[in-house]
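Everything on this sheet refers to the single structure shown next.
Chain identifiers are assigned alphabetically (A, B, ...) following the order of the sequence lines, protein sequences preceding nucleic acid strands; residue numbering begins at 1 within each chain.
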Protein chains: 2
Amino acid sequence: MRASSKKTEVVAKRATIRDVAARAGVSKSLVSLVFSDPAAVSADKKRRVLKAAEDLNFTPNFLARSLATGSGIFVGILVADLHNPLFAEIVDFVRLELEGAGEYGFMTSAMLPGLDGVPRLDSRTVNALIDLRPRSVLVVGSISDLSPLDKIPADVQIVVASAIPSKLKRAISVRTDDSQGMALIVDHLVERGHKNIAHIGGGGGKVSLGRAKAYEDAMNANGLKKYIHIEDADFTEKSGYKAALKMLKGSKRPTAITAANDLVAIGIEDAIKEMGLSNIALTGYDNTYLADIKTISLTSVDQDNAEIAAQAVKWLTGVESIKAGGQFLVQPRLIIRDSSSARY
Amino acid sequence: MRASSKKTEVVAKRATIRDVAARAGVSKSLVSLVFSDPAAVSADKKRRVLKAAEDLNFTPNFLARSLATGSGIFVGILVADLHNPLFAEIVDFVRLELEGAGEYGFMTSAMLPGLDGVPRLDSRTVNALIDLRPRSVLVVGSISDLSPLDKIPADVQIVVASAIPSKLKRAISVRTDDSQGMALIVDHLVERGHKNIAHIGGGGGKVSLGRAKAYEDAMNANGLKKYIHIEDADFTEKSGYKAALKMLKGSKRPTAITAANDLVAIGIEDAIKEMGLSNIALTGYDNTYLADIKTISLTSVDQDNAEIAAQAVKWLTGVESIKAGGQFLVQPRLIIRDSSSARY
DNA sequence: CTGTTAGCGCTTTCAT
DNA sequence: ATGAAAGCGCTAACAG
């Protein structure tokens, strides 16, 4: 039924600048002007063009425009890991923020599952993004090797959010101050009377490593150097679970455990339960929605995603700038929930 | 240091077909041919062109090609909700599958946060996607109104995965058979001795509604019509929590509760805990990684994402076809965990 | 098999 | 202020 058109294939082609020009009785270039530099065209003609565009349901072709201009009018967003709820939140904030600035964020995922389980930056997507000629590029989350992004023209600003840029000197980054975040956590546990506070994390990336280091610093600051105890884990639940089992079976069992992120904390919690232990304080990191689930109720550090997004957008839109390699650290906030209630 | 180029701005512009032609000593069209129809060019010249391309780090411009061809060479992927772990998984499978078929999937998120909290399909992204001229389009997850996609040329197949297409007759869909899924769940609970089995869900979308209906059918099939009890909730944890409180405070408290999805189940669990109840069996749906967290350990229905992805890709690549509005239902699998262990 | 000529839809100079 | 012409990087008929 639907396919039974007359002789003409009625494939609803999008109207072009030419169609609009014809309908409005002006030249193509004038139509183009209306959409790129509206102020430069007479009110009368402008109205007519706009009307015609409206009638024809016309929207400038994104693609053709990028091709012709040599530089697009949108911000390219690359998400590192679709599975991490944290990143989805940041992307939402960024888009809202971008929207407010009258800019447009085009989100793509450049990560390929990867045969070995480790996600890899897909060069085809990177190339596609380059072809699209974004005005700037935002990378959300940790990508182990950002160097493929070096093919992006040098005048296109690359901003990394919630991660430490790896192998890409020109990138600038905005993320939470993990030294402070970890200090908040350790101080909180110390207040609750804990001394023997351990950390599970430090593996699988710069961010993780940074947090482990921050934990050490915080312990030292509290004069608890002798209690420093780190069991290696990356950012996954499974890895937290295994590390926790090992730690809890060891001789100097801690009274409190700090995790590299919420997922790791969940894995630790599983291990604690499985071993029939109780009264061990536990903290997460990132304050994802998981932490807020009542069954889990995890004390965690909030990264202030809104703030991260706001700063990223300032750079992406060129409102603010900073030299290559520069960074901005956002203040974290401690969210206290049940998991850290055990006292000592 | 890096910026101190000589007089020429060394913005690493991507090499064009022209550069390659010059270097290989052939015409532009020949280069083009090598990349579009390699078989049609002599081995010798082909080698030379490929070599030159290699040297220049040349990759055909995605954009220009789409513009010239009128139909791109990639599959556009639109993700409904970045927050739902289920969708990320499906996307991963689809990409892997596409990769295997020698095709390329370009993933974008078309959902804007939405001021009222309800995500909306962003017309700019839809337009951008249309401009890119994908060979076919995959929508992953529920979007309340797909009609903006009707602007996609009629010859571009639109496939919806893990959702029921709304307001878009031309779309075809692949998803799990929820009648079977719910039957598996109800049968399982009946086997454990339960009769008074309730359902929380049914609100906020066709899929949710379908599952509620499937629950009713399964109850009827077990001769448990008089126990049918549905409390309205959408797909969020919060909504499950509220519905559960209401249900559990009511007079005919069930011995088992089936949830519309895992998140809702988690909300229900919170309510159960909060009311100090125990021995109520609980089931989720979707078998997300949340269900597998030991602390949660939720009996759930696995959708077989790999199978969904495989079917979607067959359609997307044109290997198989089906008439507009057609659908394919995948067999679900019950994953039994602790949450349903309560017997009655 | 190879090279030439248009042209995709748009944005520029550059005249008018 | 407006129109004509050239061109972004590529492919698609053509002719050689």
For Glu89(B), all residues meeting side-chain contact (heavy atoms from CB on, under 4.5 Å), sequence neighbours excluded:
His83(A), Asn305(B)

Quick one: closest heavy-atom pair of Ala312(A) and Leu138(A), and the distance?
CB-CD1, 4.1 Å

Partner residues of Asp131(B) under the side-chain contact (heavy atoms from CB on, under 4.5 Å) criterion, sequence neighbours left out
Arg14(A), Asn61(A), Phe62(A), Leu63(A)

Ala68(B): partners by side-chain contact (heavy atoms from CB on, under 4.5 Å), with sequence neighbours left out
none

Would you mind checking if Asp44(B) and Arg47(B) are paired as a salt bridge, meaning a charged N to carboxylate O distance below 4.0 Å?
yes

For Val156(B) against Pro134(B), the heavy-atom pair lying closest together
CG2-O, 3.7 Å

Range on DNA chain C touched by chain A, heavy atoms, distance below 4.0 Å
dC8(C) to dT12(C)

So, the side chain of Arg133(A) versus the backbone of Gly72(A): is there a donor-acceptor pair under 3.5 Å, distance only?
no

Could you give the distance separating dC10(D) and dC1(C) at their P atoms, to the nearest angstrom?
24 Å

The criterion is side-chain hydrogen bond (donor to acceptor under 3.5 Å, both in side chains); which residues satisfy it with Ser42(B), sequence neighbours excluded?
none

Could you tell me which residues satisfy side-chain hydrogen bond (donor to acceptor under 3.5 Å, both in side chains) with Lys51(A), sequence neighbours excluded, listed by chain and number?
Asp55(A)

DNA chain D contacts made by residues 40-54 of chain A, counting heavy atoms under 4.0 Å:
Val41(A), Ser42(A), Lys45(A)

Contacts of type side-chain hydrogen bond (donor to acceptor under 3.5 Å, both in side chains), residue Thr125(A), not counting sequence neighbours:
Asp122(A), Tyr104(B)

Applying side-chain hydrogen bond (donor to acceptor under 3.5 Å, both in side chains), can you list everything that pairs with Arg65(B), at least two apart in sequence or on another chain?
none

Distances for protein N/O vs nucleotides 9-13 of chain D N/O pairs under 3.5 angstrom?
{"unit_1": "dG9(D)", "atom_1": "OP1", "unit_2": "Lys13(B)", "atom_2": "NZ", "d": "3.3"}
{"unit_1": "dG9(D)", "atom_1": "N2", "unit_2": "Ala64(B)", "atom_2": "O", "d": "3.4"}
{"unit_1": "dC10(D)", "atom_1": "OP1", "unit_2": "Asn61(B)", "atom_2": "N", "d": "3.1"}
{"unit_1": "dC10(D)", "atom_1": "OP2", "unit_2": "Ile17(B)", "atom_2": "N", "d": "2.3"}
{"unit_1": "dT11(D)", "atom_1": "OP1", "unit_2": "Arg65(B)", "atom_2": "NE", "d": "2.6"}
{"unit_1": "dT11(D)", "atom_1": "OP1", "unit_2": "Arg65(B)", "atom_2": "NH2", "d": "3.1"}
{"unit_1": "dT11(D)", "atom_1": "OP2", "unit_2": "Ser32(B)", "atom_2": "OG", "d": "2.6"}

Is there any ring pair (Phe, Tyr, Trp, His ring centres under 6.0 Å) pair reaching into residues 26-47 of chain A, and which pairs are they, with sequence neighbours excluded?
Phe35(A)-Phe58(A)

Reading DNA chain C 5' to 3', how would its secondary structure be written in dot-bracket notation, given Watson-Crick and G-U pairs with both distances under 3.5 Å, brackets [ ] for crossing pairs and | for partners on other strands?
||||.|||||||||||

